[in-house]
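What follows is a short report on a single structure.
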Amino acid sequence: MTPGDGEQLLSYPIPSDTALGPPAEWARLRQRCPVAKVALPSGDAASLLTRYDDVKQVLSDPRFTRLLNADDAARVSDSESGGVFNSSMAQSLPQGGEGHQRWRRMVAKWFTAKRMNALRPGIEAMAERLIDAMVEQGHPADLKAHLAFPLPVWVICDLLGVPDSDRDRFAHWSDTLLNLTRYRQDEVDAAQAEFADYMAAHVAAKRTGPGEDLLSELITATGPGGHRMSDAELVATGQALLVAGHETTANMIGKMLAMLLADRSHWERLLADRSLVRTAVEEALRFDANPGFGMPRYIGEDTEVADTVLPRGTTVVCSMAAANRDETAFEGAGELALDRSPNPHLAFGAGAHSCLGQALARTELQAVLDVLLRRLPSLELAISVPELRRLEGLAVGGLCDLPVRW
């Protein structure tokens, strides 16, 4: 899977000149090269998809699997394990077929829109407390550190029944799993082992003293045919939800607010019409040009996409963010339209592997936006938009910080 001698491949992820804007190459690739050969951080080659229809097709096609540990699959990162997509955590869960659907149905009972709405008052109350502390300290303040990061950590810790006082450890473990370039293999291995040991001890404690949390319920839950999750599945489920449940949402809160404050007419419009909060959140998800790596898939048979035959053994990277800027799918795709509806964006993926926690993410994003509009109507960026800094090297995208004043 390594590029041939003399073959120059586009490096992926593709850098952008600004923290909030898309790489200029996206438009060119969509128009002229919808299946582009790219070099991943590992140096291995993959095929990049940037068009809406192609990305949706591949994410919805069960032939494109998450079996990224196949012998001829591209490694995503330059560590031997290949990063979060190839981690022991990812491989401990069923990656396809009936096993994946069974696991998904068991976990999904916790992530219904109805259940998430019931969590909303608690989420808003926590947001209020975090904003109180930020206001007390005074401005300028880093909205990411004060609100965007701690809120999702608190929510997911509460769901899993783990103490959010351990959040610094979770942050380190998440970073080693999600960072594609920063850590050596021995550091990744050590962090994964610590994380697995921690979650194994937590599952064992929940077996003897169950609580009102998701893991306690999953320990005794039975799926079709009386199936119960193994300890390995329970540990990996807890790890996956902890990583996905706080890192992606924390970064999205920061990016959403940066988008809305970068052109303050958006913020003013929301202040004038709070009914736009729900569609504004969806549009921020679509418009996000810095979501991170995208979704890699592996194809075990020759398959055609965009009039191109992908040979068996190809690793495909689906750029949902590039697809969400496709003018053939979204009118005025390059503009942030707070009232866009319908908005069939691919921020949460598509098909059998679409984001399990999307109802929770939407609830948190809407709650944060509602509370901030009410509490800090004069909120604005404390730096210029060009001074915003991207997080680099993570499988999920974000901003380093978000300085604000009010």
State, without any angle test, whether [X] and [Y] hold a side-chain donor-acceptor pair at a distance under 3.5 Å.
X: Glu194; Y: Trp173; answer: yes
X: Asp189; Y: Gln185; answer: yes
X: Asp72; Y: Tyr298; answer: yes
X: Thr279; Y: Glu282; answer: no
X: Asn343; Y: Ser341; answer: no

Do you know which two heavy atoms are closest between [X] and [Y], and how far apart they sit?
X: Ile156; Y: Leu241; value: CG1-O, 3.4 Å
X: Arg228; Y: Thr222; value: NE-CG2, 3.4 Å
X: Arg30; Y: Ala322; value: NH1-O, 2.7 Å

Heavy-atom check, side chain of [X] versus side chain of [Y], under 4.5 Å:
X: Ser47; Y: Leu310; answer: yes
X: Arg104; Y: Ser354; answer: yes
X: Met320; Y: Pro291; answer: no
X: Thr363; Y: Leu119; answer: no
X: Ile253; Y: Phe149; answer: no
X: His345; Y: Phe287; answer: no
X: His266; Y: Arg269; answer: no
X: Arg207; Y: Asp231; answer: yes

Original post:
Quick one: side chain to side chain donor-acceptor pair (under 3.5 Å) pairs with a partner in residues 126-136, sequence neighbours left out?
Top reply: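 Checked against side chain to side chain donor-acceptor pair (under 3.5 Å) - neighbours excluded - the pairs reaching residues 126-136 are Glu128-Arg374, Glu128-Arg375, Asp132-Arg375.
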Original post:
For Asn324 and Arg286, what are the C-alpha separation, side-chain angles and deciding distance, and is it a side chain to side chain donor-acceptor pair (under 3.5 Å)?
Top reply: CA-CA 6 Å; Asn324 284 337; Arg286 181 197 71 83; over 6 Å; no
Original post:
Got a sec: does the CD of Glu212 have more than 12 other heavy atoms crowding it under 6.0 Å?
Top reply: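 At most 12 heavy atoms, drawn from other residues, nucleotides or ligands, come within 6.0 Å of this atom.
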**OP:** Determine whether more than 12 heavy atoms belonging to other residues, nucleotides or ligands lie under 6.0 Å from atom CG of Asp186.
**Re:**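 Above 12, so yes.
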Original post:
Step by step, would you call Leu360 with Trp110 a side chain to side chain contact (heavy atoms under 4.5 Å, CB included)?
Top reply: CA-CA 10 Å; Leu360 177 58; Trp110 263 83; over 6 Å; no
Subject >> Steps toward side chain to side chain contact (heavy atoms under 4.5 Å, CB included) verdict (Asp213, Leu159) >> reply: CA-CA 5 Å; Asp213 56 274; Leu159 271 177; over 6 Å; no
Subject >> Residues His353, Leu59; criterion side chain to side chain contact (heavy atoms under 4.5 Å, CB included); working and verdict >> reply: CA-CA 8 Å; His353 293 277; Leu59 291 178; over 6 Å; no
Subject >> Test side chain to side chain contact (heavy atoms under 4.5 Å, CB included) applied to Met199 and Val235, Leu234, Thr237, the passing residue >> reply: Val235
Subject >> Trace of the salt bridge (Lys or Arg N to Asp or Glu O under 4.0 Å) decision for Asp44 with Arg75 >> reply: CA-CA 6 Å; Asp44 290 355; Arg75 295 167 308 127; 3.4 Å; yes
Original post:
Would Val107 and Met229 satisfy side chain to side chain contact (heavy atoms under 4.5 Å, CB included), going step by step from the backbone distance to the final call?
Top reply: CA-CA 10 Å; Val107 179; Met229 282 195 193; 3.7 Å; yes
Original post:
Which is it for Arg51 and Asp53 under the salt bridge (Lys or Arg N to Asp or Glu O under 4.0 Å) test, yes or no, and what are the steps along the way?
Top reply: CA-CA 6 Å; Arg51 286 181 182 172; Asp53 288 345; over 6 Å; no
Original post:
Which word best sums up how the rings of Tyr52 and Phe330 line up, parallel for under 30°, tilted for 30 to 60°, or perpendicular for over 60°?
Top reply: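 It falls in the perpendicular class, over 60°.
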**OP:** With side chain to side chain donor-acceptor pair (under 3.5 Å) as the test, would you mind laying out the steps for Ser265 and Glu268 before giving the verdict?
**Re:** CA-CA 5 Å; Ser265 65; Glu268 299 289 346; over 6 Å; no
**OP:** Apply side chain to side chain contact (heavy atoms under 4.5 Å, CB included) to Arg405 and list each qualifying residue two or more places apart in sequence or on a separate chain.
**Re:** His139, Glu380, Ala382
Original post:
Does the Thr314 side chain pair with the main chain of Val316, one donor and one acceptor, at a distance under 3.5 Å?
Top reply: no
**OP:** Assess whether salt bridge (Lys or Arg N to Asp or Glu O under 4.0 Å) is satisfied between Arg120 and Asp370, documenting all intermediate values.
**Re:** CA-CA 11 Å; Arg120 181 154 176 168; Asp370 260 331; 2.5 Å; yes
**OP:** Please assess Gln366 against Arg362 for the test side chain to side chain donor-acceptor pair (under 3.5 Å), listing each intermediate value before the final yes or no.
**Re:** CA-CA 6 Å; Gln366 291 172 21; Arg362 287 184 163 106; over 6 Å; no
**OP:** Report the C-alpha separation of Arg63 and Asp61 in whole Å, then their side-chain angles, then the decisive distance to 0.1 Å, and conclude whether the salt bridge (Lys or Arg N to Asp or Glu O under 4.0 Å) test is met.
**Re:** CA-CA 5 Å; Arg63 294 175 300 172; Asp61 186 338; 2.8 Å; yes
**OP:** Test side chain to side chain donor-acceptor pair (under 3.5 Å) on Asp166 and Tyr198 and set out the steps.
**Re:** CA-CA 10 Å; Asp166 288 338; Tyr198 176 95; 2.6 Å; yes
Original post:
Is Glu25 paired with Arg28 through a side-chain N to carboxylate O contact shorter than 4.0 Å?
Top reply: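 Result for this pair is no, no salt bridge flagged.
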